Participant: 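Quick one: the structure is below, and I'll ask about it shortly.
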Amino acid sequence: MRPGIALIGLLVCLLSGIWIAGAGLPAEAATTERVVVNRFTGVAIEGFDPVAYFVDGQAVQGTAEFEANLWGAVWRFRNEGNRASFLAHPEIYGPQFGGYDPADIARGVTIAGNPRFFAISAQRLYLFSREANRDAFAANPERFLYEVGKRWPALLEQLGQ
């Protein structure tokens with residue numbers, strides 16, 4: 001590859017808001033879909049294993065070796081057991097509200113959650129766009145879920161358009 005072309009490609013990516021994978025910058029997520037996915041790869045929750053949040057209590061990166069397609073998204077897992085558990089019970093292991101931040105939904109907006117900021121409440125996984133949102137939710141999940149219940153149906157309808 002010629003250096004001039006690589007530099008032009010990098011500038012185009014930076015100016016358009018597209019980040020280069022592996023460069024330590026966040027991948028751009030689609031926020032017009034019912035499930036948050038990387039708009040270029042179709043991978044949900046940045047490739048983190050949704051079952052690992054429950055099993056390991058932390059965000060663990062999945063691999064392309066263990067993938068599943070569900071809800072129009074590619075889900076990655078760290079092993080076959082986690083993949084099988086997810087496929088048997090996606091309503092439990094999949095992030096609630098398609099991976100959108102419930103604190104933001106309660107305010108009437110859809111912002112993709114960051115898989116590194118998560119909480120498990122009532123045996124359900126929630127992802128948050130910011131650490132502060134996660135902490136506020138953890139202090140009183142019922143209040144947020146009440147507000148989300150009022151706003152989510154209309155927001156979901158907008159996402160499907």
Side-chain angles (χ1 to χ4, degrees), residues 18-153 155-156 159-160:
I18 301 167
W19 303 110
I20 299 172
L25 300 171
E28 190 167 322
T31 57
T32 57
E33 304 295 332
R34 291 175 181 249
V35 174
V36 176
V37 298
N38 178 291
R39 67 196 274 186
F40 301 105
T41 65
V43 174
I45 65 173
E46 294 182 26
F48 282 87
D49 180 340
V51 177
Y53 292 102
F54 294 87
V55 175
D56 300 320
Q58 62 183 346
V60 176
Q61 195 72 47
T63 68
E65 181 181 355
F66 303 108
E67 285 187 347
N69 291 301
L70 185 67
W71 302 323
V74 176
W75 300 86
R76 291 192 173 160
F77 307 90
R78 68 182 181 122
N79 58 45
E80 182 56 38
N82 284 8
R83 181 182 177 281
S85 294
F86 178 81
L87 290 173
H89 299 287
E91 72 285 356
I92 292 174
Y93 295 113
Q96 299 301 293
F97 313 113
Y100 292 98
D101 183 331
D104 290 322
I105 293 170
R107 287 190 282 276
V109 296
T110 53
I111 298 178
N114 180 330
R116 291 165 188 85
F117 302 132
F118 71 95
I120 294 176
S121 179
Q123 296 299 308
R124 295 296 185 265
L125 173 64
Y126 300 92
L127 303 178
F128 301 89
S129 61
R130 304 178 311 174
E131 197 171 2
N133 285 6
R134 181 198 57 203
D135 295 345
F137 178 89
N140 191 352
E142 294 82 17
R143 178 177 69 89
F144 282 96
L145 294 176
Y146 175 76
E147 290 299 320
V148 167
K150 294 190 303 187
R151 296 176 189 244
W152 181 239
L155 292 171
L156 185 60
L159 290 172

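Computed from a prediction, not measured in an experiment: that's the story for all the values here.
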Participant: For Arg83 and Ala68, which heavy atoms make the closest approach, and how far apart are they?
Facilitator: NE-CB, 4.1 Å
Participant: Any chance you could lay out the side-chain contact (heavy atoms from CB on, under 4.5 Å) test for Ile45 and Tyr53, step after step, and finish with the verdict?
Facilitator: CA-CA 12 Å; Ile45 65 173; Tyr53 292 102; 4.2 Å; yes
Participant: Taking the side chain as C-beta and beyond, is there a heavy-atom pair between Val35 and Trp75 under 4.5 Å?
Facilitator: yes
Participant: Looking only at heavy atoms, what is the nearest atom pair of Gly108 and Leu155, with distance?
Facilitator: O-CD2, 3.5 Å
Participant: Just how far is it from atom CG of Asn69 to atom CG of Leu87, taken to the nearest 0.5 Å?
Facilitator: 9.5 Å
Participant: Rounded to the nearest 0.5 Å, what's the gap from CZ on Phe144 to CG on Asn140? Could you check?
Facilitator: 7.5 Å
Participant: Please check this pair: side chain of Asp56 against backbone of Gln58, looking for a donor-acceptor N/O pair closer than 3.5 Å.
Facilitator: no
Participant: Ser129 and side chain to side chain donor-acceptor pair (under 3.5 Å): which single residue from Asp104, Asn114, Thr110 fits?
Facilitator: Asp104
Participant: How close do Val36 and Ala112 get, counting heavy atoms only, and between which atoms?
Facilitator: CG1-CB, 3.6 Å
Participant: Quick check against the 3.5 Å criterion: does Tyr93 have a side-chain atom that pairs as donor or acceptor with the backbone of Asn82?
Facilitator: no
Participant: So which heavy atom on Arg78 is nearest to which on Ala52, and how close?
Facilitator: NE-CB, 4.5 Å
Participant: What I'd like to find out is whether the side chain of Gln96 reaches to under 4.5 Å of the side chain of Leu145, using heavy atoms alone.
Facilitator: no
Participant: Do other residues, nucleotides or ligands put more than 12 heavy atoms under 6.0 Å from Glu67 CD?
Facilitator: yes
Participant: Under 3.5 Å, sequence neighbours excluded: what are the donor-acceptor pairs made by side chains of residues 116-126?
Facilitator:
| from | atom 1 | to | atom 2 | distance (Å) |
| --- | --- | --- | --- | --- |
| Arg116 | NH1 | Glu46 | OE1 | 3.0 |

Participant: Between the side chain of Trp152 and the main-chain N/O of Phe97, is any donor-acceptor distance below 3.5 Å?
Facilitator: no
Participant: Ala106 and Arg151: which non-hydrogen atoms are nearest, and at how many Å?
Facilitator: O-NE, 2.9 Å
Participant: To the nearest 0.5 Å, what is the distance between CD on Glu33 and OH on Tyr100?
Facilitator: 6.5 Å
Participant: Keeping Asp49 on the side-chain end and Val60 on the backbone end, is there a donor-acceptor pair under 3.5 Å?
Facilitator: no
Participant: Looking only at heavy atoms, which two atoms of Ala73 and Val37 are closest? And how far apart?
Facilitator: CB-CG1, 3.4 Å
Participant: Working to the nearest 0.5 Å, report the span between CZ of Arg107 and CD of Glu147.
Facilitator: 11.0 Å
Participant: Is any side-chain heavy atom of Pro102 less than 4.5 Å from a side-chain heavy atom of Phe128?
Facilitator: yes
